[in-house]
Each structure stands twice: as structure tokens, then as C-alpha cells.
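Taking it in order: structure first as C-alpha cells, then the write-up.
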Amino acid sequence: MSLVVQRSDVSEFRRRFRWIALAMVVLQLVLIGRLFQLQILEGEDNKAIARENIVRRITLATTRGIIRDRNGKVLSASRPSYNLYVVPEKIDMQVVWPKLVEYLGVGVDERARLEALLTTIRASDGPRKSQQILLKEDISRDAVATLRTHDAELPFVDVVPVPVRYYPYEEVGAHALGYMVEVDAEKLNQLRSAGYVEGDRVGATGIERAWESYLRGTRGWEKVLVDAKGRRRPGGEGIIEEPRRVDPIPGRDLRLTLDADIQRAIDKAMRGELAGGVALIDVRTGRIIGLYSKPSYDPNALSGGSGKQVIRDAFRRLYSDPLKPALDKTISGAYPPGSTFKPFTALAALEKGLIDHRQATNCRGALTFGKRTFRCTHVHGPVDLHQAIAESCNVYFYRLAAELGVGMDVIAEMGQRFGLGARTGLGVNAEAAGRMPTRAWMTLRNKGQFRLGFGLNAAIGQGATTVTVLQLALAYAALANGGTLYQPQIVRAVETSAGTVVQEFAPRVRRQIDVSPENFSLVQKALYAGVNSEAGTAFKARVLGVDMAGKTGTAQVSHKLARGAEAERVWYFNREHAWFAGYSPSRAPEVAVVVLVEHGGAGGKHAAPVAFEVVRAYNELARERGPRAGVNNAGNARTQPKPDRGGSP
Amino acid sequence: MIRGDVSPRARDHFDWPLFIAAALIAVLGVVNLYSATSVYQGVRAELYISQIYWLVLGGILGGILVAIDYRHLERLGYAIYTFGVFSLILVFIFAKDLRGSKRWIEFGSFRFQPSEFMKVFLVIALAKFLHDDPRSEGRTLKDLLVPALLTGVPALLILKQPDLGTASIHVLVFLMIAALTRVRWKSVLTFVVTVACALPLIWNYVLLDYQKARVTVFMRPEDDILKTGWHAHHSRVAIGNGGLFGNGYMKGTQNQFNFLPDQFSDFPFPVFAEEWGFAGSVLLVLLYGFLCLWSIRIASLAKDRFGAVLSVGCGAILFWHAFINAGMVCGILPVVGVTLPLFSYGGSSVTTMLMCVALLMNVSMRRYSVVPAPDRL
């Protein structure tokens, strides 16, 4: 109870307060120094890291251009494929899984397979089970709708749309259009600078490949804000530097010269045949209306969307078939033209002035030259040039080569004038050049030995002479229009996705063939007779109402076993190629048509009917669409020289 | 009779600088908390309001504490200390596991952390001991054995919770108080050598794996940014992102985009530094510096040993908390769960820190010899 202040002795501490204070000051200075380092010295670096933390650049997908036919029908477009993803580790196998299976509507087998897959992944170690895995590709729209409706009941189940290429005409005309493949590592190295990334699909063949850079479009990007967990955050003004977004540019649409309905008609006409190629060309423009190769494949299966397994299977089928469905037989395959070549031999002889077309040769069914006998189809008796072409007499043409000095080089030169034996420059698919053999080439080929007999074969389009279906069609178009050889055209215009024409391609003349109009007229009349005179080789294939001039061909194939074919199929591969080449109508030609039926047999019997069917369909469609369509189809060709020297009935 | 305890004279000596410094920090803390928790929705976004409640409650408790002459505490010193240790033992029995450590005792919805208060109780006990043990010649280690034991018991109990940060604070506070006494040089040397030898043993046998990991990460900060180094890394980046004048209030991207976990309790400083930059963070450091130096000034003016040691002890608590927290967020110390005084959210923390301030105020207001010693309660 003391009121006296009792103070203990604080002298012990006196001098030490200062030291403690000093220690505190020093440590505070250390802190301030560190702050100075972080905020001032390294401030800019840290700002950069902080910005990097929250700003993500995401790519914005673009859409590939649509390919349409001349009338605007869609030949190739993109559609969403709905892929189903699940997280194996998280999905509830007791409650969610049975529901999912029910909504998907999968069968018992598939259910068991998918269940086994999930169970395996769930039991495994490693990160895979905690990540989304692709469970099923391209599920049906109905299933998508059901899954969307029941979304809340299905945790860890996601449906993600992925664009895939879609070809509504499926197998028809697949070669010209091509298909898409996923870029592989090697190709990606070349394409990376063009902005391709893993998983991109790129045109593999056909127009899809040739016009890839137009169709593809350009990806855009956008800078967005994300938080520490990677979730998107709105806003960003003032945080993200401009430009924040570059819009994707959709790919260009292509308007083709092809006609989807014609393609279908060709497919229908070729129904009875196993393999071959057909080309239908506007003789006034060189535009390709129909380009068809058989057997074909389904580009939908190859282009993905229905899963890797489907793609693998489709490719296996594509490359194991001895009929070579992967080969575009109109462009990439070179075949001996057979008798369809005869008009060019005739023109070669006429232009050189070596023959008088009225002078007849007596055909006894064969011509013996040296030690060999060169056969004709049958005994024609006396034939002049007109009959020789119309009735396809080989002996007449053998004699041109053997006795009248129409040598190989002369024939080859005329063939080359018509664009045969040289690439047309279409740019779609790998083009075969074909071959117009010359004396020099034959000599080289046969180890310095040249036999005159080679010339006899060349005169009738046999032996080493090969052409492509497209070349022959262009050559016949030139025959029809009086000597204008066109650059073939398959893409008519490039359009924006809104439909505005960006670039329209006018027909291009490759060359004006220097052949006298009289000689053209002679050949055209003979071609008319080939179809319309009773002795003509294609007479029996004639179809009422189809005005056609043309030439059949039956090309012998070299007798060797086709690789990959079974022994019992060899007879097929030894059979002749059936050809028909012609144009219609005979007086004012619009289209040239060439049909090749591989190993089809006689041209008049197998190829000509197809050609007539195709042209009939063409006429029908032209009628349906009215005269305006016809005018449109002619396009700029109105100013081109018109053949007014058509054949006479 | 509390009212009568504070004489009119003492009231005139209200320590305004101390009060203003503490109040400024607390206000900045609430303002910062509002921004820090703005990234949350719901209850957490309302934390700043709870913080205000805690400050008010702590303020009232502090007011009561100021009214009671600190010399009453001197008499009750060991009793208070014993209560603290007892409550630490209770933690072991009743505490709930929260993120791998037992630190909190719950009473219904109310939760408190005895280890926070223990610091103050320890300071009172140490002050009591040194008050009763005046020496004119230098002390030996043996003379410091009792205070060391007083520190060691709660420190070990806390270390076992485990809570490395708070345990270290106890030791550091003890060391700062010990530095106040006159210790023989030879003893200091022996102590340093002993500690140096003991450290490897502590590393091997006392520290838990996660504690070791934090220290390792501190040594090699960029090793493992995604896991153990995450806090440290993003906290450094946040501070640096502030630059000279900061991104502006509520505009710190590191915080707004959730790169700072625990930004309301252990990491409010990076939030503040990001928004106010070097200028703001230096101001805050200077406020703490002032508070700590002021507490030394109060100690030096104290008229008895108890008041002096008590002030140094409270100053030491504030100082070490501030230094360790700021040090760990800017990467010069390993990440341990130590709060920033009056700035971090947390009832126990805020109350403890306000108790320290109140004790300082208490000593400061009674620094004049004319103030009579109080009667026994």
C-alpha cells in the first residue's frame, strides 16, 4: 500500500536502446532496398511478367471456302463434326455412364468396347485419365441435341464441334475435287511459316490441294485476359496494347466450271463399267463441264470427321484396289488413244499435201509390212479418207505411214499442235504428259534400232503413243471449233464468302492451230459420218435426238500382268481400252466429250453409248435451264471464232 | 474504479504519434483489404467489414488495457504466462486441423489462435523476470536460462502445431529482449557457436518437410514456380508490377486475376505494393519503422524495468512481424505464415497487435515519475 513511487533500476538498458533501434533501422533499410530493386530496378521486367500472366493470345478459327459448281450447287463445304469428350477419372460410371450411353444410343457391342476403354484408362497411372479424352467422333445431331438437353446430368462430358470437310456428292467427281488430310510432321515443317499448326487439315489432291491457298483463309487472333486458373475475364481496355484482335479472314469460295448434275449423269452413264474416265468440255471456252474418274472413293471418309479408324480403312481400300481408285484417270493416267487418234494422222497427211483424200485404198483386212502383218478390224474394201475415219480402217492409215511418207515425226508434230503429249497446265492433280513418239525418241528407246513398223502403230494411235482423257477432249474441242486450242479451265471464279466475285477467269486460248479450213472440214465430215452413217463405228450407239460427231477407239494394251491382280482377273487387264471422242452438236458444236472405259473392249460398244448418254443429259439440262443458261455457259466465248464449217449430214 | 486509474495528468500525456501511426496502418489495412478481397464473391468479399469489427473490438479491449496501470500486469505476469501456455496445450487437444496444422480453438463460430496472444504473454513474463532480476555486471548464459526456458516452452509447443513462423517470432522477440540486457561477450560468443551447431540438428529433426521445402524454395526461388514457389514468385512479381507509383487502387492485375493466394491474411503487402508502387510501399515500411522506433523511445523513457522491457517486447513483436512478412513477400525471407501487423485480416492477429499498441500506450502515458504506483487490485 505504498504511495511512494518504486522504480527499478533501468540503467542496465540505457545504452542498448540505441543498438536495438539501429538494428531495426538497418533491417528496414534492407527492406526498402529490396523494394527498390523489385519495383524500380526490375520494375519493367516484373511488369512484363505480370502482363504475360494475364494476357493470352488465342487463335480465332477461320472457315475454309466453299466449292460450288457452275450453277452454285455446293460440291465441298465444311460442316461441324460433334466429338464427344469425357474425363475418365471423373465420370461417374454408376450414374452418369448409363445415361450417357442411353442418350448416345450406341449398340451393345460398342458400349462394351467404350466401357472397356474407359476402365483401362481409369485403372492406368499417368495424366491421361484426368484429361479429356475423345470418346466418340462425329456423333449424330439427334444425340447432340439430347446431350445438350441433359447437359446438367452429365458432368465431365463435353461435346465439341470440330469443322470437317463435307462432300455432298460423295464419290461422284471426287478426283477433281480432291480430299483433305491432316498435315503430318514433315509437311508441317514446310507449311509452318504459312501459319499451319498441328492438327490442321490441308487439301491432299484435286482442287482442294491446288487451290489450298485460296480456300484456306487466314486465322485471326485475339488477346484476352485470363486469371490464374486460366478462366477468361472480360475487359482489358488499357491493359492489353492495341491491336487486341485481328479478325479471321474466311477462305475464298470457288465457282467451278463443273456441273454437278452432269457429273451425276456421267456417273449414271458409267454405271455398267468398272473403270475409266470421262471429260466433257465446252469447245467455245475450254471450260470443263464434267470430269469424272472411276472407280472413285468417298472423300468424306478420307477427310476425317468419322474418326481415325474410318480414315485408315478408307486409305487401305484406296491403295489396295487393283483398279487404282486413287488415280485420276482423266488427268493423271496416260493411255494409248487408239483410233481416236486417226483424225490427227489424217490432218498430218493432208496438211503435208501427201495424200489426196479422194483416193481410195483397198483394205483386205491386213497390211504386210516387212515381216509383220498389221491387222485391220475387218475387210473394208476400197476406202477413201472419209470412210477410213468413219469406219475406222487401220489399213488406210498403215498405208499412209508405210507408203505415202507420213512418218512418225509428222504425226507427232500434228498431235503436239493439238496439245497431245504435253501437259495441259490445268494445275489440278499430278498431270501425265502422255507421249507423241518421234523417230528420235523411238531410236533411243530401242537401243538405236528404229523400225518403220513403229510408224504404222503411231498412225493408228497405238504403240508408244499415249494421251490423257483431258488432252484428247481439248484436241477434239479444237477439231470442233476449227482450230482453237484452249487452256482447260476448271475454276471459273474466286468469290468471297458473301458471294462477291473477286477474280473471274476468262477463257484462255493456248494457240490457234494452223490447219487449213478445208482440211478441218474434211475431218469434221468424216467424224460426223463415224456416228451417223450406217457403216460408222459408233452408229449403233446413236441416241435419238443427240447430234454428235465423233470417233471410237479400241486401244490394245500391252500384254503384261497388271500388278496386284489375281491370275483369274488377268483376262480383264488384257482387254482393250474402249474410247469415244467426239463433239456435239455436229453443226455448231458446244461440247467435246471423251470417254475412256479401261479394259472395256470395243469403243463403239462400250465407250460410245456412255458418251451419247452424257451428251443427252447435257442437252436435257440445257433445255431445262433455258436459253439463258446456255448464254451464260458460253460466257466470253461469244467473241471467239465459231466453227461455221460443221459437218454435213 | 478503472476510470479513476487514469489520472487527469496521464490523460494529458496521451501518446498521439503512437496512436496516429497505428491508426493510419489500420485504416490503410482496411482500404487495402477491400481491394484485396474484391476478387472474391460472397463472404470473403465482406472481410473488410469483419476487419472493422475486429479493429473496433480490439480498440475497446485496448482502451481497457490502457486504463489498467501496466504495473498490475507486472504482479500478474507469471499467471498470465501460465494461462497462455495452458491454452496452447488445449490447442493440441481440441484444435481442428486446418491445412495441415492445428492452430485454432473454436467456440461455436468464434475461432481464435492462442499462439498469437502467447507472444504478448511471453513478453509480459520476460518483463516480469527482468524486472525482478536487476544486475549491474554482465550476465552469463546461466543468468538467461530462465527467460530462455520461458520462451522455449511455448515456442516448442507452437512449433509442434506446426507453425514455424510464430515460433520463430517468439525466439526473435526473446533475442531482442535479451539484447537489452548486459551480457558478457564470452557468453554471447558461446551462444552464437551453440546456435550454429544446433541449426543442422533443428533442420534434420525438428522441421517438417513442408517447412524445409519453403526454405529450399527460398534459396532457389525459380526452381518450382508452379508448386511450392508459386506464392513467392507471384508475390515478387506483384510487388515489382507496382513500379514507382503503382497501378492504382483496385487495379493490381496480379491480385485482380487471382495470382496472389491468401492476399487477405499473409499477402496483403503485395496487393498494396502493386497498387501504390514504390512510393506507397516505402510509406508503409516507414510507418512500421516509426512505430517500432517509437516503441524503443517509449522504452527508453519508461521509468521502471518492467515498462522498459514490456515496451521493447511489444515493439519487437510489431517489428518482427512487419519485417518477416514484408521480407517473405518480397523474397528475402522464406514464406512462413506471419501476418503484417494491423494490416492483415484476422481477429486474433488484429487483437494481439492492438494489445501491443495498448501496452505501449500504457507505458508511454505513465512515464512520468509523479504517477503513483497503483494499489493492488
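Residue numbers begin at 1 in each chain, while the letters A, B, ... track the order of the sequences.
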Could R216(A) and Y196(A) be counted as a cation-pi pair, given that NZ or CZ must be under 6.0 Å from the ring centre and within 45° of the axis? yes
Take Q254(B) and N241(B), measure what side chain to side chain donor-acceptor pair (under 3.5 Å) needs, and give me the verdict at the end. CA-CA 8 Å; Q254(B) 285 285 95; N241(B) 189 27; 5.9 Å; no
Quick one: sort the F272(B) and W276(B) rings into parallel, tilted or perpendicular, breaks at 30° and 60°. tilted
Restricting to non-hydrogen atoms, name the atom on P270(B) and the atom on I239(B) that form the minimum distance, rounded to 0.1 Å. CA-CG1, 3.9 Å
Please classify the contact between Q28(A) and chain B as side chain, backbone, both or neither, with a heavy-atom cut-off of under 4.5 Å. both
Non-hydrogen atoms of chain A under 4.5 Å away: do they reach the side chain of A238(B), the backbone, both or neither? neither
Does any heavy atom of chain A fall under 4.5 Å from the side chain of V39(B), the backbone, both, or neither of them? neither
Between W19(A) and R16(A), is there a cation-pi geometry (under 6.0 Å to ring centre, at most 45° from the normal)? no
For the pair D133(B) and R305(B), evaluate salt bridge (charged side-chain N to carboxylate O under 4.0 Å, His left out) and give the outcome as yes or no after the intermediate values. CA-CA 9 Å; D133(B) 184 31; R305(B) 291 172 63 90; over 6 Å; no
Could you check whether any side-chain heavy atom of F323(B) comes within less than 4.5 Å of a side-chain heavy atom of M24(A), counting everything from C-beta outward? no
Residues from residues 243-252 of chain B approaching chain A under 4.5 Å (heavy atoms): G243(B), L244(B), N247(B)
Indicate the atoms forming the closest heavy-atom contact of Y70(B) with G307(B), along with that distance. CE1-CA, 3.6 Å
Side chain, backbone, both or neither: which part of F278(B) has an atom under 4.5 Å from a heavy atom of chain A? both
Answer key: most heavy-atom pairs under 4.5 Å with chain B among I49(A), V25(A), I32(A), L27(A) is L27(A)
Ion pair check, R56(A) and D227(A), cut-off under 4.0 Å: no
Bottom line for R14(A): the part with an atom under 4.5 Å from chain B's heavy atoms is side chain
What option among V237(B), L180(B), I296(B) has the most heavy-atom pairs under 4.5 Å with chain A? L180(B)
With a 4.5 Å limit on heavy-atom distance, are the side chains of R184(B) and R139(B) in contact? no
For I40(A), is it the side chain, the backbone, both, or neither that has a heavy atom closer than 4.5 Å to a heavy atom of chain B? side chain
